[in-house]
Amino acid sequence: MAQESIVTELESRKLIAQLAGGEELVEHLASGSRTVYCGFDPTAESLHIGNLLPLLALRRFQLAGHRPIALVGGATGLIGDPSFKDTERKLNSVDVIADWVERIKPQLARFLDFDCGANSALLVNNLEWTRDYEMLGFLRDVGKHFSVNNMIQKESVRQRIERDGEGISYTEFSYMILQSFDFSELCKRYDCTIQVGGSDQWGNITGGIDLTRRLHQQQVYGITFPLITKADGSKFGKTEAGTVWLDPAKTSPYAFFQFWLNAADADVYDFLRYFTFLPPAKIEKIEHADAASNARPVAQGVLAREVTGLVHGEQGLAAAERITGALFTGELSGLGEDDLRQLEHDGLPCTEVAPQTPLLDVLVESGLARSRRIARDLVNSGAVSANNAVQSAGDDPLDRNLALHGKYFVIKRGKKNFHLAKLA
RNA sequence: GGAGGGGUUCCCGAGUGGCCAAAGGGAUCAGACUGUAAAUCUGACGCGUAAGCUUCGGUGGUUCAAAUCCACCCCCCUCCA
């Protein structure tokens, strides 16, 4: 089953930040089918692309013949991971977390195969083994194995402890113990011997390794992935609209596609390694070809298609490409009424506006501008066009005579923000 | 419980009675240039067409005038108990 070393595969994709276990871990993975886990805390109603890397990594492990466990943090989500967070977070209610857990489960499930024999994936919730654990027992059985002296040395919480003006509650401080306990519990229940996660999880993972050794006299291992950074230093995973979510209702496949399409040249080849299943050799070929040509690189298009297909399937990808094609080629007049309806259906943001609504209000209602004041600025700077015609009179309503099929306007703000306005 | 420090516009952070819608930086947006890149330059960045209006943890007060002073309350941090 386990043929080519998964470690080699991850290395060739630059996906390994740290190994807890070194050569022994490599050997451990090479010598049999192992069980690997990664946790995902419900911090919102949907996963986002920050979760994509570990999620795809689990799949890489499965493809290499290992058994993945996706853990949803129904328990840890109630506490909040303080790792490298510079402020204490406010707690969400129990009901909200429970709801998020249920929403996230299917998102995790779609990347893994639950029906492929011995290495079928597992989906678990750590609330299962923590909910009814009696407090005194927990403190005696588990807490006794943790040294506070050791815990406060962890880099992941140090800034919280040392930085002036910030602190850490006992609740968040305990997070590491819970996650450590998860690892030991998965080891006991499912013979899980490897935990993977982002490099910010190093402290929590090694905590779990120590605890498992003490509790079950079992050697387990950890692998962390590099923090995804962008060449220009800005934060990965954010756009002007905020977080890029995996839920198509929160980030449309079109917006998702656009996010990847806009990857910087300096980042795109690494992103191909990180976020697609294309062989590294092929990625290198693309990189060389792009470097040799003077035209616009093709890598962004490949990346956008691959990842969108992975996350939103063939249909989502097709929808995203339809919108992109219609909007960025500028050929609006060729669009039939059915095409426009399809674009709306595909997820191009659409607003119905009353006839005679001044353009400024259309901009505000559609969300293209936050206020009329801003809208006016945009119009004055020539940033707004309707059906490819630059608009200069913000107080005038959209002219029905210029509408596509009597009612549609493709409103553009700036170079790449589109909205479909439909006259009522 | 005691002592001290602090809560300013998306973030950081200046501002200690009028010249404050509030310095500076970051983020963001737009224009130019481009490849729906990067870098750079320019402009915008509480709301309002404007006059003007509403903001500086909360409530109340002093004053012609408060982010700035007073009282009480809430929250955060540090040290002591």
Side-chain angles (χ1 to χ4, degrees), chain A residues 82 85-91 152 157 159-173 229-244 252 254-272 286-287 289-305 308 320-332 348 358-361 363-364 366-385 388 390-397 410-419:
Chain A
K85 303 277 190 324
D86 52 10
T87 51
E88 179 93 9
R89 287 179 296 165
K90 72 174 202 316
L91 293 172
I152 59 175
V157 293
Q159 62 185 113
R160 284 281 285 283
I161 291 170
E162 290 179 355
R163 185 179 158 185
D164 261 9
E166 286 302 335
I168 183 168
S169 67
Y170 184 73
T171 304
E172 285 196 8
F173 188 59
T229 54
K230 295 209 292 179
D232 66 1
S234 62
K235 194 172 176 184
F236 171 76
K238 297 277 185 190
T239 66
E240 66 275 13
T243 306
V244 180
S252 72
Y254 160 69
F256 188 85
F257 183 89
Q258 286 289 322
F259 169 78
W260 296 104
L261 195 64
N262 280 300
D265 294 1
D267 295 318
V268 69
Y269 305 101
D270 277 342
F271 287 0
L272 280 166
I286 296 173
E287 186 165 6
D290 278 342
S293 90
N294 285 320
R296 184 182 172 183
V298 301
Q300 280 86 348
V302 175
L303 178 69
R305 281 190 295 277
T308 306
E321 291 198 279
R322 269 197 299 273
I323 300 180
T324 299
L327 298 182
F328 287 94
T329 57
E331 271 312 307
L332 295 176
L348 177 64
L359 177 61
L360 293 181
D361 292 307
L363 291 170
V364 173
S366 66
L368 286 172
R370 195 161 14 102
S371 67
R372 301 184 86 240
R373 211 173 120 68
I374 304 255
R376 195 174 293 275
D377 276 352
L378 290 167
V379 171
N380 288 341
S381 61
V384 177
S385 71
N388 281 338
V390 173
Q391 302 294 303
S392 55
D395 293 310
D396 294 351
V410 174
I411 314 277
K412 179 161 89 156
R413 185 208 77 204
K415 291 199 170 52
K416 38 189 172 182
N417 300 281
F418 295 91
H419 199 97

request  = Given side-chain contact (heavy atoms from CB on, under 4.5 Å), test A:Arg305 with A:Glu321 step by step and report yes or no.
outcome  = CA-CA 8 Å; A:Arg305 281 190 295 277; A:Glu321 291 198 279; 3.4 Å; yes
inquiry  = Using the C1' atom as the point on both nucleotides, what is the distance between B:G58 and B:G6, in whole Å?
reply    = 16 Å
inquiry  = Whole angstroms only, please: what is the CZ-C1' distance between A:Arg413 and B:C45?
reply    = 13 Å
message = With rounding to the closest Å, how many angstrom separate the C1' atoms on B:U68 and B:C56?
response = 10 Å
ask   = In whole angstrom, what separates A:Asp377's CG from B:G43's P?
value = 14 Å
ask   = Who is the Watson-Crick or G-U wobble partner of B:U54, with both distances under 3.5 Å?
value = none
query = Rounded to the nearest 0.5 Å, how far does CG of A:Asp395 lie from CG of A:Leu360?
reply = 5.5 Å
request  = Rounded off to whole Å, could you give me the NZ-to-C1' distance for the A:Lys412 and B:C29 pair?
outcome  = 15 Å
request  = Return the value, rounded to whole Å, for the distance between atom CD of A:Glu88 and atom P of B:C75.
outcome  = 15 Å
inquiry  = Give me the distance, rounded to whole Å, that separates B:U28 from B:A67 when you measure between the P atoms they each carry.
reply    = 31 Å
task = For B:U42 versus B:G26, give the span between their P atoms, rounded off to a whole number of Å.
result = 13 Å
query = Roughly how far apart are A:Ile374 CD1 and A:Leu378 CG, rounded to 0.5 Å?
reply = 7.0 Å
ask   = Going 5' to 3' along nucleotides 32-42 of chain B, which nucleotides have protein heavy atoms under 4.0 Å from the base (write B), which only from the sugar-phosphate (write S), and which from neither (write -)?
value = S-BBBB-----
task = With a 3.5 angstrom cut-off on both distances, give the Watson-Crick or G-U wobble partner of B:G24, or none if there isn't one.
result = B:C12
ask   = Over how many whole Å does the gap from A:Arg370 atom CZ to B:U9 atom C1' extend?
value = 11 Å
remark   = Paired to B:G48 by Watson-Crick or G-U wobble criteria (both distances under 3.5 Å) is none
Residue mapping more 5' on RNA chain B - nearest nucleotide basis, A:Gly414 or A:Ile168 = A:Gly414
query = Which distance, rounded to the nearest 0.5 Å, do you find between the CD of A:Glu88 and the OG1 of A:Thr171?
reply = 7.0 Å
Euclidean distance for P, B:G48 against B:U59 (whole angstrom) = 24 Å
ask   = Quick one: is B:A44 close enough that its OP1 or OP2 comes under 4.0 Å of any side-chain N or O from A:Ser381?
value = no
task = Starting at CD1 of A:Ile168, measure out to OG1 of A:Thr87 and round the result to the nearest 0.5 Å.
result = 11.0 Å
query = What distance, rounded to whole Å, do you find between the two P atoms, one in B:C12 and one in B:G18?
reply = 26 Å
task = Round to a whole Å and report the spacing from CG of A:Asp361 to C1' of B:U49.
result = 12 Å
ask   = For A:Arg160 and B:C77, is the shortest distance between a side-chain N/O and OP1 or OP2 below 4.0 Å?
value = no
remark   = Rounded to the nearest 0.5 angstrom, the CG-CG distance for A:Leu332 and A:Asn388 is 4.5 Å
note = Separation of B:C47 atom C1' from A:Leu360 atom CG, nearest Å, is 14 Å
Please tabulate, for the side chains in residues 255-271 of chain A, all donor-acceptor contacts under 3.5 angstrom to protein atoms that are two or more places apart in sequence or on a different chain.
unit_1: A:Gln258; atom_1: NE2; unit_2: A:Thr324; atom_2: OG1; d: 3.1
unit_1: A:Asn262; atom_1: OD1; unit_2: A:Lys416; atom_2: NZ; d: 3.1
unit_1: A:Asn262; atom_1: ND2; unit_2: A:Gln258; atom_2: O; d: 2.8
unit_1: A:Asp265; atom_1: OD1; unit_2: A:Gln300; atom_2: NE2; d: 2.9
unit_1: A:Asp267; atom_1: OD1; unit_2: A:Ala231; atom_2: N; d: 2.9
unit_1: A:Asp267; atom_1: OD2; unit_2: A:Ala231; atom_2: N; d: 3.4
unit_1: A:Tyr269; atom_1: OH; unit_2: A:Asp290; atom_2: OD2; d: 2.7
unit_1: A:Asp270; atom_1: OD1; unit_2: A:Lys14; atom_2: NZ; d: 3.0
unit_1: A:Asp270; atom_1: OD1; unit_2: A:Arg273; atom_2: NH1; d: 2.9

remark   = When both distances are under 3.5 Å in a Watson-Crick or G-U wobble arrangement, the nucleotide paired with B:U63 is none
inquiry  = I'd like the P distance from B:G35 over to B:U49, given in whole Å.
reply    = 37 Å
request  = Could you check which nucleotide pairs with B:A39 in any of the strands shown, counting Watson-Crick or G-U wobble with both distances under 3.5 Å?
outcome  = none
inquiry  = Judged by each residue's nearest nucleotide on RNA chain B, which is more toward the 5′ side, A:Gly167 or A:Arg376?
reply    = A:Arg376
ask   = Is A:Arg160 salt-bridged to A:Glu172, going by a charged N under 4.0 Å from an acidic O?
value = yes
inquiry  = Between C1' on B:A44 and CG on A:Leu378, what's the gap in Å once rounded to a whole number?
reply    = 9 Å
query = Partner of B:U78 by Watson-Crick or G-U wobble geometry, both contacts under 3.5 Å, or none?
reply = B:A3
Over 12 foreign heavy atoms within 6.0 Å of CZ, A:Arg370 = no
message = Taking only the P atom of each, what is the distance from B:A14 to B:A3 in whole angstrom?
response = 27 Å
